[in-house]
Undergrad: 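Handing you a structure now.
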Amino acid sequence: MPLSAPGHAMHPVGNLFRSTIGRKFLMAVTGVVLIGFVIGHLVGNLQIFENPDKINGYATLLQSLGPTLWAARLFLLLCTVIHVWAATVLTIENHRARGGVERYKVKTWLQATVASRYMRWTGYVVLVFILYHLAQFTWGVTSSATYKENLPHYTMGSDYKVLGFTAVRAGTRVLDVHDMVILTFQTPAVSLFYIFAIGLLSLHLLHGADSLFQTFGWRNHRWARGLRAVVTIGCAAYFLGNLAIPGAVMAGLLQPDSAAVAAK
């Protein structure tokens, strides 16, 4: 029967999920979305080193988005599910294609980078970390005593502005995200787990970005070394930026702004 027969025509979107190339493309595209998110997330979190108005105003602005915020969360969740699914299926296909040839496996193991060897496992650990992170800072189910809704409200001392427009006005009573983060990271076990997970995420990003360039056809002999250097520096900066927050808390450089909360 001709390939163009209606009953056998394949939808382009369906091809993305059925073919190996399609799954690699899906993994790359969702990877770009997730990389953009984690970088934006870090930039927002680094406001904790400024006046508490900054991060508390930022958090209040996000919460005020309402349905838009939930739509963004659902989109990120969908990207995460597709990314994990594609990675798992591609890994299974890769193992089947090798056919158990030990010589090839040993050679591949020796040539592979540390990041690529453990790509799948770092991804699963990072997924667990994301769920824990949400349970802790978004849902408040892991440490209710330091959850933002159980802390005294914070009064904005100045306007929080975005692109010159006032998003949260001075005098507004808001949830104290600033003190919640600091009180949470004052628990050494939480800080150490966070640092460990961010380290794995940085390794995951290192190999993931490299694979992304290959999928999109951007990596060649001329640019490979330069791209790897840029990605390595970027991942190192990402790790250090995230390390700075729990590190500063454990070193005593970041303290709760509210005296009542600090005493508590």
Side-chain angles (χ1 to χ4, degrees), residues 33-77 129-191 193-195 197-198 237-238 240-264:
V33 173
L34 296 173
I35 288 173
F37 167 72
V38 297
I39 292 174
H41 187 63
L42 172 61
V43 171
N45 287 346
L46 287 176
Q47 293 179 94
I48 198 167
F49 289 101
E50 302 182 60
N51 186 286
D53 284 344
K54 293 293 185 180
I55 194 166
N56 286 337
Y58 169 69
T60 302
L61 171 62
L62 290 181
Q63 289 298 321
S64 69
L65 297 177
T68 303
L69 177 61
W70 277 105
R73 286 171 172 170
L74 291 174
F75 175 67
L76 288 170
L77 176 61
F129 164 69
I130 291 173
L131 294 175
Y132 175 78
H133 192 67
L134 288 171
Q136 187 171 49
F137 291 117
T138 303
W139 304 323
V141 298
T142 60
S143 53
S144 59
T146 59
Y147 185 54
K148 55 191 174 185
E149 293 189 0
N150 297 326
L151 297 176
H153 279 58
Y154 175 84
T155 302
M156 296 288 292
S158 59
D159 292 345
Y160 179 75
K161 297 185 177 182
V162 178
L163 300 176
F165 296 95
T166 300
V168 184
R169 295 191 176 279
T172 304
R173 300 272 290 170
V174 300
L175 297 175
D176 198 345
V177 172
H178 176 273
D179 284 2
M180 175 186 69
V181 172
I182 293 175
L183 290 171
T184 299
F185 283 136
Q186 284 180 344
T187 302
V190 173
S191 288
F193 174 66
Y194 180 87
I195 293 170
I198 287 298
Y238 176 77
L240 293 175
N242 280 285
L243 172 65
I245 300 174
V249 173
M250 290 192 293
L253 300 177
L254 279 176
Q255 295 289 339
D257 180 69
S258 169
V261 169
K264 181 179 179 180

Undergrad: Would you check, one step at a time, whether the test side chain to side chain contact (heavy atoms under 4.5 Å, CB included) holds for L183 with L151?
TA: CA-CA 10 Å; L183 290 171; L151 297 176; 4.0 Å; yes

Undergrad: L243 and L240: side chain to side chain contact (heavy atoms under 4.5 Å, CB included), yes or no, with the steps?
TA: CA-CA 5 Å; L243 172 65; L240 293 175; 4.2 Å; yes

Undergrad: So among L77, L69, L76, which one has a side chain to side chain contact (heavy atoms under 4.5 Å, CB included) with R73?
TA: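 Among L77, L69, L76, the one that satisfies the side chain to side chain contact (heavy atoms under 4.5 Å, CB included) with R73 is L69.
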
Undergrad: Could you tell me if the side chain of L61 sits less than 4.5 Å from the side chain of V162, heavy atoms only?
TA: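 With C-beta onward as the side chain, the pair touches.
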
Undergrad: I'd like to check L46 versus F49 (side-chain heavy atoms, cut-off strictly below 4.5 Å). Are they in contact?
TA: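 The answer is yes, as the side chains (C-beta and beyond) meet within the 4.5 Å cut-off.
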
Undergrad: Any non-hydrogen side-chain atom of Y160 less than 4.5 Å from a side-chain atom of T166?
TA: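 Not in contact.
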
Undergrad: Hey, what do you get for CD1 (I48) to CD1 (I182), rounding to the nearest 0.5 Å?
TA: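 Going from CD1 on I48 over to CD1 on I182, the span is 4.5 Å.
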
Undergrad: Would you please test Q186 and Q255 for side chain to side chain contact (heavy atoms under 4.5 Å, CB included) and show each step?
TA: CA-CA 9 Å; Q186 284 180 344; Q255 295 289 339; 4.0 Å; yes

Undergrad: How long is the straight-line distance from CZ of R173 back to CG of L175, given to the nearest 0.5 Å?
TA: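 L175 atom CG to R173 atom CZ measures 10.5 Å (nearest 0.5 Å).
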
Undergrad: Checking the side chain of Y147 only, and the main-chain atoms of T138 only, is there a donor and an acceptor separated by less than 3.5 Å?
TA: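 It does hold such a pair.
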
Undergrad: So which of T172, T60, D53, D176 actually passes side-chain hydrogen bond (donor to acceptor under 3.5 Å, both in side chains) with Y154?
TA: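 By the side-chain hydrogen bond (donor to acceptor under 3.5 Å, both in side chains) criterion, Y154 pairs with just one of T172, T60, D53, D176: D53.
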
Undergrad: Would you call the rings of F193 and Y132 parallel, tilted or perpendicular, taking 30° and 60° as the class edges?
TA: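 Taking Y132 first and then F193, their aromatic rings stand perpendicular (interplane angle over 60°).
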
Undergrad: Does the T146 side chain pair with the main chain of M180, one donor and one acceptor, at a distance under 3.5 Å?
TA: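 No: the side chain of T146 does not pair with the backbone of M180.
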
Undergrad: Between M250 and S191, what is the shortest heavy-atom contact and its length?
TA: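 Minimum heavy-atom contact is SD-CB, 3.6 Å.
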
Undergrad: Under 3.5 Å, is there a donor-acceptor pair between the side chain of D179 and the main chain of P256?
TA: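 Pair absent, no side-chain N/O of D179 close to backbone of P256.
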
Undergrad: Less than 4.5 Å apart, side chain to side chain, heavy atoms only: is that true for N56 and H153?
TA: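 Sidechains of H153 and N56: no contact.
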
Undergrad: Heavy atoms, side chains only, cut-off 4.5 Å: are I198 and I195 in contact?
TA: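 A side-chain contact under 4.5 Å is absent here.
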
Undergrad: Would you call the rings of H133 and F129 parallel, tilted or perpendicular, where under 30° means parallel and over 60° means perpendicular?
TA: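 Geometry flag for F129 against H133: tilted rings.
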
Undergrad: The test is side chain to side chain contact (heavy atoms under 4.5 Å, CB included); show your working for V168 and D159 and say whether it passes.
TA: CA-CA 6 Å; V168 184; D159 292 345; over 6 Å; no

Undergrad: Decide yes or no for L134 and I130: does some side-chain heavy atom of the first lie under 4.5 Å from some side-chain heavy atom of the second?
TA: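 They are in side-chain contact.
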
Undergrad: Quick check: closest heavy atoms across V177 and A59, and the distance to 0.1 Å?
TA: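 So the two residues come closest at CG2-CB, 3.5 Å.
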
Undergrad: Of all the heavy-atom pairs spanning H178 and I55, show the shortest one and how long it is.
TA: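 In this case the closest contact between H178 and I55 is CB-CG2, 3.6 Å.
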
Undergrad: Over all heavy atoms of both residues, which pair between N242 and Y194 is shortest? Give the atoms and the distance, please.
TA: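 Heavy atoms of N242 and Y194 come nearest at OD1-OH, 3.1 Å.
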
Undergrad: Determine whether a donor-acceptor pair (N or O, by modelled atom type, separation under 3.5 Å) exists between the side chain of D257 and the backbone of P52.
TA: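 Not at all, since once roles are kept as given, no pair shorter than 3.5 Å links the two residues.
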
Undergrad: Can you tell me how far the CD atom of E149 sits from the CH2 atom of W139, to the nearest 0.5 Å?
TA: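 It comes to 14.0 Å.
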
